[in-house]
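FYI, side chains are in, hydrogens and waters are out, and symmetry mates aren't considered; it's all heavy atoms of this structure.
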Amino acid sequence: MNARWKPNVTVAAVVERDGRFLFVEEQKRAGLLINQPAGHLEPGESILDAVRREVLEETAHTFEPKHLLGIYLAPGPEDIAYLRFTFSGTLGEFDATRTLDDGIVGTLWLTPDEVRAQRARHRSPILEQCMDDYLRGVRYDLGILQTHPALTGGQGNT
């Protein structure tokens, strides 16, 4: 094992409404893929702030995380691995003036069966597992997450 190896930290949101789940369509080299709203933790932000930001950037909706669904270690391309913190929560206001992140084509609301039928379009190998964990009722209290204030400019867990 490479002594310098470290996973990339990412966040994702599982949002369910009336039996349908929120996904984004992303244009990638491999084609038009689907994923939960997700992205990388950036310097100076807490994990909760990261998921709020990513949902806003990819869907133009505010998001308030309510529960941690899980922490997943998953393979990426080449020698990359992703350590993904996945949350469930409440989708808030939509900002129609907001431009979505580069590569994001739009949002979709899909049933679990529709998600499973499109496995060839899944951007992440754990997309379905995160949805299934939500459907099984997996929920962890957000208090489990701790951020030292020195990393977030003195804000701690927000």
Side-chain angles (χ1 to χ4, degrees), residues 7-72 74 76-77 80 82-135 137-142 144-145 147 151-153 155-158:
N8 290 275
V9 177
T10 63
V11 295
V14 172
V15 179
E16 184 265 339
R17 183 183 288 161
D18 300 324
R20 293 183 174 273
F21 288 85
L22 176 65
F23 288 90
V24 295
E25 278 190 304
E26 298 181 78
Q27 188 63 55
K28 304 303 278 182
R29 276 183 263 171
L32 193 59
L33 305 180
I34 62 171
N35 198 11
Q36 283 111 358
H40 292 269
L41 176 68
E42 292 183 357
E45 70 184 351
S46 71
I47 293 170
L48 295 177
D49 284 341
V51 73
R52 289 180 187 111
R53 176 185 52 74
E54 287 293 346
V55 173
L56 182 62
E57 289 176 353
E58 295 193 355
T59 71
H61 283 273
T62 59
F63 175 74
E64 190 54 38
K66 299 294 182 192
H67 297 99
L68 176 68
L69 293 181
I71 303 168
Y72 306 82
I80 296 174
Y82 294 104
L83 183 63
R84 184 192 226 206
F85 292 77
T86 303
F87 298 89
S88 64
T90 305
L91 201 62
E93 292 184 31
F94 176 71
D95 180 355
T97 65
R98 187 170 187 87
T99 302
L100 301 180
D101 268 1
D102 285 345
I104 303 293
V105 174
T107 59
L108 300 170
W109 288 92
L110 302 172
T111 66
D113 287 340
E114 290 169 333
V115 172
R116 289 182 185 93
Q118 297 185 53
R119 281 189 183 120
R121 294 183 61 208
H122 292 187
R123 177 164 182 210
S124 170
I126 57 171
L127 176 154
E128 196 172 326
Q129 180 182 356
C130 294
M131 180 185 70
D132 288 343
D133 285 348
Y134 175 88
L135 289 168
V138 174
R139 308 286 189 278
Y140 298 100
D141 189 276
L142 295 179
I144 197 168
L145 300 169
T147 302
L151 292 176
T152 58
Q155 293 180 8
N157 290 342
T158 56

Q: Any chance you could measure Leu22, atom CG, to Met131, atom CE, to the nearest 0.5 Å?
A: 13.0 Å
Q) Any idea which heavy atoms bring Ala12 and Val51 closest together, and the distance? A) O-CG2, 3.6 Å
Q. In Å, rounded to the nearest 0.5 Å, how long is the span from CG of Leu56 to CG of Asp101?
A. 9.5 Å
Q) Backbone N or O of Pro65 within a donor-acceptor pair of the Arg52 side chain at under 3.5 Å? A) no
Q | Of all pairs that satisfy ring-ring contact (aromatic ring centres under 6.0 Å, His included), the ones with a partner from residues 42-61, not counting sequence neighbours | A | His61-Phe94
**Q.** Shortest non-hydrogen contact between Thr86 and Leu68, atoms and distance
**A.** O-CD1, 3.4 Å
Q. Can you name the residues that form a salt bridge (Lys or Arg N to Asp or Glu O under 4.0 Å) with Arg20, not counting sequence neighbours?
A. Glu114
Q. Hey, are the side chains of Tyr134 and Val15 touching, using non-hydrogen atoms and a 4.5 Å cut-off?
A. no
**Q.** Nearest heavy atoms of Ala13 and Val55, plus distance in Å
**A.** CB-CG2, 3.5 Å
Q) Are Phe63 and Phe87 close enough that their ring centers fall under 6.0 Å? A) no
Q | From CD (Gln27) to CG (Leu32), nearest 0.5 Å | A | 5.0 Å
Q: For Asp95, enumerate each residue passing the salt bridge (Lys or Arg N to Asp or Glu O under 4.0 Å) test, keeping only those at least two apart in sequence or located in another chain.
A: none
Q) For Gln36 and Val24, which heavy atoms make the closest approach, and how far apart are they? A) O-CG2, 4.1 Å
(Q) Tell me which pairs pass salt bridge (charged side-chain N to carboxylate O under 4.0 Å, His left out) where either residue lies in residues 32-46, with sequence neighbours left out. (A) Glu42-Arg53, Glu45-Arg53
**Q.** Gap separating the CG atom of Leu135 from the CG atom of Asp132, nearest 0.5 angstrom
**A.** 6.0 Å
Q: Could you tell me whether the side chain of Phe85 reaches within less than 4.5 Å of the side chain of Leu145, counting heavy atoms only?
A: yes
Q) Side chains of Pro37 and Glu54: does their closest heavy-atom pair fall under 4.5 Å? A) no
Q. Is there a side-chain contact between Glu16 and Ser88 (heavy atoms, below 4.5 Å)?
A. no
Q) Considering residues at least two apart in sequence or located in another chain, which fulfil the salt bridge (Lys or Arg N to Asp or Glu O under 4.0 Å) criterion with Arg139? A) none
Q. Can you list the residues that meet the side chain to side chain contact (heavy atoms under 4.5 Å, CB included) rule with His122, with sequence neighbours excluded?
A. Ile34, Val115, Arg119, Leu127, Glu128
**Q.** Reported CZ-to-CG distance for the pair Arg121 and Leu108, which is rounded to 0.5 angstrom
**A.** 6.5 Å
**Q.** Heavy-atom pair with the smallest gap, counting every atom of Tyr72 and Leu69
**A.** OH-O, 3.7 Å
Q.
To the closest 0.5 Å, what do you measure between NE2 (His40) and CG (Asn8)?
A. 5.5 Å
**Q.** Closest approach of Arg84 to Asn35 (non-hydrogen atoms, all atoms of both residues)
**A.** NH2-OD1, 3.1 Å
Q) Donor-acceptor pair, Glu58 side chain versus Ala38 backbone, under 3.5 Å? A) yes
